[in-house]
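So the structure is just underneath, and the comments pick up after that.
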Amino acid sequence: LELRGDKYEQAVKKHDRVFVQLTAPCITGMNGEKAPWCEATKTMGEEFEKVAVALKTERLTTKLANADVYKETSLAARFKINFNPTQESDIPKLPQFRYYVKGRLWSKYAGSQEVASIV
């Protein structure tokens, strides 16, 4: 499930349980350095696919969703993700996760990013 800024609320309210990954594409700066979130986002992308398979295998009803907060600037603003930081401490920490139950934010998931922990 891909979430767009204008459909985010509608999507998380439509399903009983939604686990959202806030992510951004790997971008390279003018100095040739990759964005700090590149490796984590790539690794979690692979794990997220495994989570989808596990949820289906276990017949769990949680929907997985991705939201590209780089492209969807309204979502970046909503979640206070700044892609033009002035300090190193402001560099976006991605991916980030949100778990919704019946349309309400249940938690900002910060646990292990391994399949067994998420499922």
Side-chain angles (χ1 to χ4, degrees):
L1 188 61
E2 290 292 326
L3 302 181
R4 296 180 45 111
D6 59 343
K7 303 288 184 191
Y8 188 91
E9 283 299 319
Q10 181 181 352
V12 298
K13 288 179 180 178
K14 180 179 179 181
H15 305 285
D16 280 345
R17 299 175 186 276
V18 182
F19 189 74
V20 179
Q21 175 181 222
L22 304 176
T23 190
C26 184
I27 56 175
T28 304
M30 291 174 35
N31 60 4
E33 290 186 21
K34 289 186 177 182
W37 60 82
C38 288
E39 192 59 37
T41 298
K42 178 183 176 212
T43 301
M44 192 57 221
E46 295 164 1
E47 288 299 301
F48 219 56
E49 290 177 22
K50 294 175 187 175
V51 169
V53 170
L55 288 173
K56 190 172 186 175
T57 301
E58 297 292 325
R59 295 189 176 142
L60 299 174
T61 60
T62 300
K63 298 291 183 190
L64 295 181
N66 281 305
D68 182 339
V69 292
Y70 189 77
K71 184 169 79 175
E72 299 294 333
T73 56
S74 65
L75 292 178
R78 174 183 179 163
F79 296 114
K80 296 177 178 56
I81 298 171
N82 179 6
F83 288 101
N84 297 303
T86 56
Q87 299 177 23
E88 189 170 324
S89 62
D90 294 334
I91 294 173
K93 311 277 190 284
L94 294 171
Q96 294 181 19
F97 305 95
R98 304 290 189 272
Y99 182 58
Y100 294 86
V101 177
K102 298 186 188 259
R104 301 188 87 170
L105 179 63
W106 184 262
S107 73
K108 294 179 182 177
Y109 182 79
S112 170
Q113 295 182 7
E114 295 180 5
V115 175
S117 297
I118 294 172
V119 173

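Looking at every heavy atom in both residues, A24 comes nearest to D68 through CA-OD1, 3.9 Å. When all heavy atoms are compared, the tightest approach of A65 to V18 is CB-CG1, 4.0 Å. Shortest non-hydrogen contact noted between L75 and G5 is CG-CA, 3.7 Å.
At a threshold of 4.0 Å, the pair E39-K42 does not count as salt-bridged, since none of the basic side-chain nitrogens sits closer than that to a carboxylate oxygen.
Screening residues 1-13 for side-chain hydrogen bond (donor to acceptor under 3.5 Å, both in side chains) gives Y8-Y100, E9-R78 as the qualifying pairs, with residues at least two apart or on separate chains. The ring-ring contact (aromatic ring centres under 6.0 Å, His included) analysis of residues 25-44, with sequence neighbours excluded, yields the pairs W37-F83.
Atom CG of L94 and atom SG of C26 lie 11.5 Å apart (nearest 0.5 Å). With values rounded to the nearest 0.5 angstrom, Q96 atom CD is found 11.5 Å from K80 atom NZ.
At least one side-chain heavy atom of F48 sits less than 4.5 Å from a side-chain heavy atom of F19. At a threshold of 4.5 Å between non-hydrogen side-chain atoms, the residues L60 and R17 do not count as touching. Considering only heavy atoms from C-beta on, L64 comes within 4.5 Å of L55 through its side chain.
Taken together through direct or relayed side-chain contacts under 4.5 Å among Ile, Leu, Val, Met, Phe, Trp and Tyr, L22 and I27 form part of one hydrophobic cluster. Note: the hydrophobic cluster containing F97 does not contain V20 (ILVMFWY, side chain heavy atoms under 4.5 Å, direct or indirect links). Under the 4.5 Å side-chain contact rule for hydrophobic residues, V12 and Y99 do not share a cluster. A single hydrophobic cluster is not seen to contain both V101 and L105; linkage of ILVMFWY side chains at heavy-atom distances under 4.5 Å, directly or through other members, places them apart.
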* Begin with the C-alpha distance, continue with both residues' side-chain angles, and end with the deciding distance and a verdict on side chain to side chain contact (heavy atoms under 4.5 Å, CB included) for Y70 and I81. => CA-CA 9 Å; Y70 189 77; I81 298 171; over 6 Å; no
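The 12-atom threshold is not exceeded at NZ of K34, counting heavy atoms of other residues, nucleotides or ligands nearer than 6.0 Å.
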